[in-house]
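Have a look at the structure below before the remarks.
Predicted, not measured: the structure shown is a model, and the values here were computed from it. Proteins come first, then strands; the chains are lettered A, B, ... in the order of their sequence lines, and each starts at number 1.
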Amino acid sequence: MDLRSTLQLPDAESTIPMKANLPTLEPSILAIWEERGLYAQILESRVGAPSYVLHDGPPYTNSPIHLGTALNKILKDFTVKSRTMMGFRAPYVPGFDSHGLPIELAVTKKLAAKKETVTGSALRTACREHAYEYIKIQSEQFERLGVLGLWKHPYATLDYTYEAELVRTFKKLVEGGHIYKGLRPTLWSPTSQTALADTEIVYHDHVSTSIYVRFALRHDPNQIFSEFPNLYTIIWTTTPWTIPSNLAVAFHPQLDYAIVKVGEDHYLIVSALVERIAEKLGWTDFEVVATREGINFDHMTFSHPIFDRNSLAVMAEYVTTEDGTGVVHTAPSHGRDDFYTGQKYGLPVPNTVDGKGVLTSEAGEFAGTYYKDCDTVVVDRLKEVGALLKSEPYHHTYPYAERDGKPVIFRATEQWFLSIDPIREQMLEEIQGVQWVPPVGQNRIEAMVRNRPDWCISRQRPWGVGIPVFYGKESRVPVLDPEAIEAVARLVEARGSDAWFEVDAKDILPEGYVHPETGETEFEKETDTLDVWFDSGSSSLVTLDSQVTPEWKTQGLHWPADVYFEGSDQHRGWFNTSLILGTAIKGAAPYRTVVTHGFVTDSEGRKMSKSLGNVIEPMGAANQYGADILRYWVASVDYQSDVPCSDALLKQIGDSYRNVRNTLRFLLSSAAGYDATSEGPMSEGSWADLDEWVREQADLLAADCVQKYDAFDFGGVINAIHNFCREELSKFYLDAIKDRMYCDGVNWPSRRSGQATCLYVLNQLLTLVAPILAFTAEETWMKMRDLGLHASESSIHTERFRSPSPERMQEIEGSQLQARFESLRGLRDTVNAAFEQYKGTDGIKNSQDAIVRLTLPADTFGVMSSFSISDLANYFRVSWVELTLGEPAISFAPSTYPECARSRLRRPDVTSISIEREEFLLSDRDRQVLGV
RNA sequence: GGGCUCGUAGCUCAGUUGGUUAGAGCACACCCCUGAUAAGGGUGAGGUCACAGGUUCGAGUCUUGUCGGGCCCA
């Protein structure tokens, strides 16, 4: 008789395969999801439930995705999927950021390679095509990673509807009085007469005229220098042509400044450089007569060396003692630092240089002079008025325009601004009401908002949304009229922002439109475009508030979003611009919670770069290891700091994945064949306690994991799950029930209870792991359906977490089982360790061949006595157990019992029996099953 | 150069308000099983908590500095 055939051994057909083969499995699951319309199905299953809205920060559509983008999107997917399983309606409308310089440059380069030069609308068309191409590529890549969302109707900043809504956002800002036109220094090429971006600049060696100029003290309200007559401060600059624009001199508030007596004069310069400056200026007889900290000079005034006007003493942190005098010549029109410092002190920005590089009437006597010629004209004049202390050639690197190879200048140009001061306090207040995860994020954004200057929202670039402003043709007075802007919005809605550049003003404006201020009837259009941060900063308004795409209206979206989840660099970027626009237009922050993650590095903590050769490419990893491995990786690293990734790490992740997978596989094969409709499992005998205990464990795991999901602690979730698979299941529970599952009668209550319990635990585990291992969970769920373990036609991702109710939690807390099994497992560890010592003596290698004799103190003895001896033998994996009351001791002896031919256990009740004239050693239980 | 931030076993992570001998998992070594088998089980060896000072009866935890990463600026 073949005893093996009478066992209920695991059937490989009744479970998922051991080898996952994710790279081929995942695409097949994606096809099923696609066919079902899974995303829509999930949302439908939550109609009427409260919404939880994660608003997507749009990636820039200029390249395939990289690992950082993958990390970000997977974290968002964990969030959306887990909130869905908590019962929320969690829509996800993905976004794409598609205007701006990088695309323009990429397209220009691409066309240049084909020897084409394209401008105007042809360039915009090429940019549009380029952006849509990458929207398609990125969408496919994100979907491949298992990220579910409204991929058929994402928001993209270049869509006509989106562009039109940007125009309307601008309109609302105009209505609210947030927009003004002002001057700001821009990198400017006087030769090609265009504004340039930082990326269009190269640095070359250059010889400038450097000068030392003295500024006489003019007003000293606190009488700091009253005892030092003829006091001057000295500035050093390499751009003499900006002296006519000087409005301030900057000191470092914390540096010490010396008052140096030279003849009858006193000079105020930074202490650290006195010797160097003395040598440079040829002071032979000088004396430091006093020292003062820079902070004392705040708001004093000096005299401009040429013009009869103030040069304000201001404080600036960027002042150094590297070179110069520790006093920085400040011309807000001609430098970024100068401009921001000027803003802080309320200084104007004079328009002293025109587009051709010629000084204007605002430069007084220098009007009409080319800026370069000022290097001699201004120097001569300074010499004449006695302000020039020294002039010499100076070698350094200087910015040149890449396109024509000529030097560039900073020049004040007209720009559009969004003023921050009127909303700053409100923004700071809003920040208080937002939950920042981790909490340090709040400090970061607060510092940014507190210090940020007005937002310059205009760019002199072709690839963007045109700023919808008309000018009176003669007067050049801008039309800031909502009616006129709305006319633009309607045009853009129909034909895109491209139309703004192509259609004449008169064809956009209503018939007979008159300039509200000047009465003009002829108009010209603004040529500047909106900063791309304006595009993305408006996304919550466009997507969640206006919901300009019909498909969005059915999603259950709401403004503000429940959560933003982005890299920590976005404190300066998107979180900031979104907050500005949310506050300016809706009077509130656009998010309730902001979660940030770190950046991807290699396993040494270095950033990934081609030159270091440590780049992990996400799609390569998905196709080599599987998206679930990548997802497991995302869950297992601590995303709140920088996260490491390498091939070695992904391989290691694969090992952990396999353990979880095998546990699911074994649970499923154990549950397979269970028919819930036939007579239910009985609840008696200590095996029932074991089953109840593991159900309690699974419920505790569920409670723990759901709480962790709620706190965005995905690492905690996967760790708890993996630990549970390892400790509670593989090492203990699944091992302990094997005999029952394999050898007991198919429909014995003991076996059915085991099956029902495996199914229960499997359902718990599977729902808990589904947000992370999206594909594996689905694969298992589908197999369960094939095996009749559930009847759901839908996906695991429409399921809910099976969190224990408060009553159930109370029941578990009051349960004796937890303490009993904790004690049992503790003793089991002791027995295992002791057996390791005993192993080898008496020729015994396998614990199943030994009897363990345990002498236990009263409490433990009591607990162990509550289990049957045969179950204890099972738990300890030994032949038999002998319990005695007394001083703790443990010993082993070879088992004298014969081995049951069917169950392979050596038990006291194993005796010989003849079946079909063949002798078999069998235990009572096995005889019963066989009916002999 | 400045602001913020990170540095715990070979790897990925835990370590509550400072308090026994710093914990898991993976990998590794040895062993068992061969009825989860390209699986499973047992035991074990891995740590000057980046480094150097300080506060304290007591520091992985607090503090200062140094070194090395990262982000954002300059």
Side-chain angles (χ1 to χ4, degrees), chain A residues 3-5 7-12 15 17-20 68 316-322 336-337 340 438 440-441 443-448 451 567-573 576 596-608 632-633 635-646 648-670 713 715-716 718-727 729-732 734-736 738-739 741-743 828-829 831-837 839-840 844-849 876-877 902-904:
Chain A
L3 291 177
R4 195 171 192 273
S5 66
L7 299 169
Q8 312 297 320
L9 295 176
D11 174 12
T15 188
M18 178 175 284
K19 195 169 183 310
E317 302 280 343
Y318 52 79
V319 174
T320 68
T321 55
E322 298 285 303
R336 268 178 211 158
D337 282 341
Y340 289 129
V440 287
N443 301 338
R444 287 190 71 169
I445 188 129
E446 232 175 65
M448 306 271 181
N451 296 318
S568 57
D569 56 336
Q570 298 305 329
H571 287 109
R572 170 166 289 272
N576 201 316
T596 51
H597 59 80
F599 287 74
V600 181
T601 68
D602 66 11
S603 47
E604 258 83 59
R606 268 163 236 283
K607 80 166 143 199
M608 291 191 171
Y632 198 125
W633 165 73
S636 69
V637 292
D638 172 21
Y639 68 79
Q640 295 194 352
S641 351
D642 291 330
V643 300
C645 190
S646 63
L649 179 50
L650 289 174
K651 283 197 186 85
Q652 178 184 318
I653 296 292
D655 288 324
S656 296
Y657 166 82
R658 239 166 279 133
N659 182 257
V660 174
R661 180 182 178 85
N662 267 314
T663 306
L664 295 175
R665 170 183 146 89
F666 191 53
L667 279 171
L668 180 50
S669 70
S670 300
D713 178 13
I718 199 67
N719 207 36
I721 289 174
H722 186 227
N723 240 44
F724 183 76
C725 287
R726 188 92 270 180
E727 298 296 319
L729 297 180
S730 280
K731 288 189 182 173
F732 185 60
L734 294 175
D735 196 50
K738 275 180 193 166
D739 177 64
M741 302 305 290
Y742 297 170
C743 304
R828 185 172 175 269
D829 288 342
V831 171
N832 280 336
F835 180 76
E836 207 62 26
Q837 297 299 309
K839 195 152 77 178
I844 288 177
K845 289 201 258 181
N846 184 347
S847 57
Q848 297 281 11
D849 294 328
F876 296 154
R877 303 166 65 92
R902 184 166 176 274
S903 68
R904 294 178 176 173

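Following rounding to the nearest Å, D829(A) (CG) and rG41(B) (P) show an atom-to-atom distance of 13 Å. Spacing between atom CZ of R4(A) and atom P of rU34(B) amounts to 11 Å, rounded to whole angstrom units. Taking atom CG of residue N832(A) and atom C1' of nucleotide rC30(B), one finds them 16 Å apart after rounding to whole Å. Atom CG of D713(A) is separated from atom C1' of rG15(B) by 14 Å (rounded to the nearest Å). One atom, CG of N723(A), and another, P of rU12(B), lie 18 Å apart when rounded to the nearest Å. Summarising the geometry, the separation between OH on Y340(A) and P on rC73(B) is reported as 11 Å, rounded to the nearest angstrom. Taking atom CG on D655(A) and atom P on rA27(B), their separation rounds to 5 Å, with Å as the unit. For R658(A) and rG25(B), the CZ to P distance is 18 Å, given to the nearest whole Å.
Note on S903(A): a base of the nucleic acid sits closer than 4.0 angstrom, heavy atoms only. If you check every strand for non-hydrogen atoms under 4.0 Å, N659(A) touches sugar and phosphate atoms only. Across all strands shown, R877(A) has heavy atoms under 4.0 Å from sugar-phosphate atoms exclusively, and none from any base. Looking at heavy-atom distances under 4.0 Å, E727(A) makes contact with sugar-phosphate atoms alone, never a base. Residue F599(A) is classed as a sugar-phosphate contact, given heavy-atom separations below 4.0 Å to backbone atoms only. Residue N719(A) is classed as having no contact, given no heavy-atom separation below 4.0 Å to the nucleic acid.
Put simply, CG on D642(A) and CG on D602(A) are 11.0 Å apart, with the number rounded to the nearest 0.5 Å. Put simply, CZ on R828(A) and CG on D735(A) are 6.0 Å apart, with the number rounded to the nearest 0.5 Å. In this structure, CD1 on I718(A) lies 4.5 Å from OH on Y632(A), to the nearest 0.5 angstrom.
In terms of heavy atoms, R665(A) sits closest to T15(A) at O-OG1, 2.7 Å.
With a cut-off of 3.5 Å on both pairing distances, the Watson-Crick or G-U wobble partner of rC51(B) is rG65(B). Applying the Watson-Crick and G-U wobble criteria (two distances, each under 3.5 Å), rU37(B) pairs with nothing in any strand. rG1(B) and rC73(B) make up a base pair, with Watson-Crick or G-U wobble contacts both under 3.5 Å. Across every strand in view, rC57(B) sits in a pair with rG19(B) that passes the Watson-Crick or G-U test at under 3.5 angstrom. Pairing of rC28(B), defined by two Watson-Crick or G-U wobble distances under 3.5 Å, is identified with rG44(B).
Considering only the side chain of K19(A), rA38(B) comes nearest among rA38(B), rC32(B), rC6(B). Checking rC71(B), rG42(B), rC26(B) against the side-chain heavy atoms of R726(A) singles out rC26(B) as nearest. Of the candidates rC26(B), rC13(B), rC32(B), rC26(B) carries the atom nearest the S656(A) side chain, counting heavy atoms from C-beta on. Nearest nucleotide to the A833(A) side chain, out of rU5(B), rC72(B), rU43(B): rU43(B). You'll find that the side chain of R904(A) is closest to rU34(B), out of rU34(B), rA38(B), rC71(B). Side chain of Q652(A), nearest nucleotide from rU12(B), rA39(B), rG70(B): rU12(B). The side chain of D638(A) lies closest to rC13(B), out of rA36(B), rC13(B), rU43(B).
Between rA29(B) and rG2(B), the distance separating the two P atoms is 48 Å to the nearest Å. The gap from the C1' atom of rA36(B) to that of rG18(B) amounts to 46 Å, rounded to the nearest Å. Using P as the reference atom, rG54(B) and rU61(B) are 14 Å apart when rounded to the nearest Å. To the nearest whole angstrom, the two C1' atoms, one in rC26(B) and one in rA14(B), are 15 Å apart. As rounded to the nearest Å, rG58(B) and rG15(B) have P atoms that lie 26 Å from one another. For the P atoms, the distance linking rA24(B) with rG65(B) amounts to 36 Å, nearest Å. Comparing the P positions of rA27(B) and rU34(B) gives a spacing of 23 Å, expressed to the nearest Å. For the C1' atom pair drawn from rG1(B) and rA9(B), the interatomic distance equals 37 Å after rounding to whole Å.
Within the 3.5 Å criterion, the main-chain N or O of A20(A) finds no donor-acceptor partner in the side chain of R658(A). A donor-acceptor pair is defined here as one N or O able to donate and one able to accept, closer than 3.5 Å; such a pair exists between the side chain of W633(A) and the backbone of P644(A). Under the 3.5 Å distance criterion, the side-chain polar atoms of N451(A) are matched with a main-chain donor or acceptor of A447(A). Between the H597(A) side chain and the Q640(A) main chain, no donor and acceptor come within less than 3.5 Å of each other.
On a pure distance criterion of 3.5 Å, a polar donor-acceptor pair joins the side chain of S730(A) and the base of rA36(B). Side-chain atoms of R606(A) and base atoms of rG70(B) include no donor and acceptor less than 3.5 Å apart. Contact annotation: side chain of K738(A) to base of rA36(B), donor-acceptor pair present below 3.5 Å.
Side-chain N/O atoms of R444(A) include none lying less than 4.0 angstrom from OP1 or OP2 on rC72(B). In this structure, K731(A) reaches the rG25(B) phosphate: one of its side-chain N or O atoms is under 4.0 Å from OP1 or OP2. Regarding contacts with the backbone of rU37(B), a side-chain N or O of R665(A) is found under 4.0 angstrom from either OP1 or OP2. Remark: Y742(A) is in phosphate contact with rA36(B), judged by side-chain N or O atoms under 4.0 Å from OP1 or OP2. Listed pair K839(A) / rC31(B) fails the phosphate criterion, with no side-chain N or O lying under 4.0 Å from OP1 or OP2. OP1 and OP2 of rC72(B) both lie 4.0 Å or more from every side-chain N or O belonging to N576(A).
At a threshold of 4.0 Å, the pair R572(A)-D569(A) does not count as salt-bridged, since none of the basic side-chain nitrogens sits closer than that to a carboxylate oxygen.
Nearest-nucleotide positions on RNA chain B for L649(A) and R902(A) put L649(A) closer to the 5' end. Between S568(A) and L7(A), the residue anchored closer to the 5' end of RNA chain B is L7(A), taking for each the nucleotide with the nearest heavy atom.
By the rule that a glycosidic angle within 90° of 0 means syn, rG41(B) does not qualify and counts as anti.
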